[in-house]
Q: 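Quick one: the structure is below, and I'll ask about it shortly.
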Amino acid sequence: MLIVSNWKAYVESKEKAKMLAITAAKLAKNKAHELVLCVPAPYLGLLSGTAGVALGAQDVSVSLGGAATGEVTAGAVASLGATYTIVGHSERRSMGETNEVIVEKVRHALAHGLTPILCVGERERDEDAQYLKVIRSELSAVFDALTQKERMELVVAYEPLWAIGKTADEAITTDDLREMVSYIRKVLGDFVPGKASAKIRVLYGGSAEAVNAPLLANDTGIDGFLVGHASVDPVSYSALLKALS
Ligand code: PGA
C-alpha cells in the first residue's frame, strides 16, 4: 500500500524530524509498503536522501515564483528532492483555498514533476446523501481542468473532515468507506475512460491508526492511507505499519 504521512505542524524540531525519518527508513527496509513523508517544507532539505522513503510537501504555492514573500513554490520543493505534494487538504481549504487555487497548485506540482495528492472530503454526512455531491464537485473541479495524461498522475485522498484528528473509534466504518471508494471510482471513471481510472490510487485519511487500519484496508478498494497524528509518534507509526503488513 501507499502510506503517506502528513506531519502537519506537529513536528517543530529537526531532531524529531530526523528521528521520525530514521524510523521510517528502518520500516521501509522490508519493502512491505511504499512510504511517503509529507513534512513541513523546512525539513525537506534535511531529510532528502532518506533511504527507502519518498518525500513530499504538504502544500505548494499558487505563485510561480518571483515577488511573492513567504511563498514556497513547487519548484523550490522539487529542487530539494520531494516527489509528492498534498494539495487541497481540508485544513488549507478551511483557510479559504478555493477549487480554482487548487487547480493552479496541481498544475504547478505536475509541471515540476511532483505527484499531487488531492484531498477531498465532506464536512458532515446528511441523510439525503448530499455529501456525495461535495465529493463529486471537489473531484470534478480538478479533473475537469486536466488532460487525460495529467489525470493519471494524481493520487486522490478521501478525508472526511468529521473523522480527521479524532480516534480510531470515530473514524469511518469499513462499509461506509467501501461505498465511498466505489463512488469515487465511478466519478473518476467519468473523467478517465475505460479501465485506466482504476489505476488512479485512492487513499483514506482520518484517524487511521494501528487498531482500525487493517480493517479499513480490507476489501474497501483503497490503495493506502494518508496518516496524520499516528505518523508523528514513532511508536504509533511503527505499530500502524506493522498492523498493515
Ligand atoms: P489524522 O489526520 O490522521 O490526524 O486524522 C489525517 C489528515 O488530516 O491528513
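Both backbone and side-chain heavy atoms feed into the values below; hydrogens, waters and symmetry mates do not. Order of appearance sets the numbers: ligands from 1, and atoms from 1 within every ligand.
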Q: Is a side-chain donor-acceptor pair under 3.5 Å present for E209 with H229?
A: yes
Q: Decide whether a cation-pi geometry holds between R125 and Y131; the criteria are a distance under 6.0 Å from NZ or CZ to the six-membered ring centre and an angle within 45° of the ring axis.
A: yes
Q: Does D128 have any salt bridge (Lys or Arg N to Asp or Glu O under 4.0 Å) partners at least two apart in sequence or in another chain, and if so, which?
A: none
Q: Give the other cluster members for I86, using side-chain heavy-atom distances under 4.5 Å between Ile, Leu, Val, Met, Phe, Trp and Tyr residues; answer none if it is isolated.
A: L2, V4, V36, Y84, I117, V155, L203, L226
Q: If we count only N and O atoms by modelled type, under 3.5 Å, do the side chains of E170 and T167 hold a donor and an acceptor together?
A: yes
Q: Between ligand 1 and the protein, which N/O pairs are shorter than 3.5 Å?
A:
residue  : atom  : partner : partner atom : Å
ligand 1 : 2 (O) : K8      : NZ           : 3.2
ligand 1 : 3 (O) : S207    : N            : 3.4
ligand 1 : 3 (O) : G228    : N            : 2.8
ligand 1 : 4 (O) : H229    : N            : 2.9
ligand 1 : 4 (O) : H229    : ND1          : 2.6
ligand 1 : 5 (O) : G165    : N            : 2.6
ligand 1 : 5 (O) : S207    : N            : 2.8
ligand 1 : 8 (O) : K8      : NZ           : 2.7
ligand 1 : 8 (O) : H89     : NE2          : 2.8
ligand 1 : 9 (O) : N6      : ND2          : 3.3
ligand 1 : 9 (O) : H89     : NE2          : 3.2
ligand 1 : 9 (O) : E159    : OE1          : 3.2
ligand 1 : 9 (O) : E159    : OE2          : 2.7

Q: Show which residues join I164 in its hydrophobic cluster (side-chain heavy-atom contacts under 4.5 Å, direct or indirect), or state none.
A: none
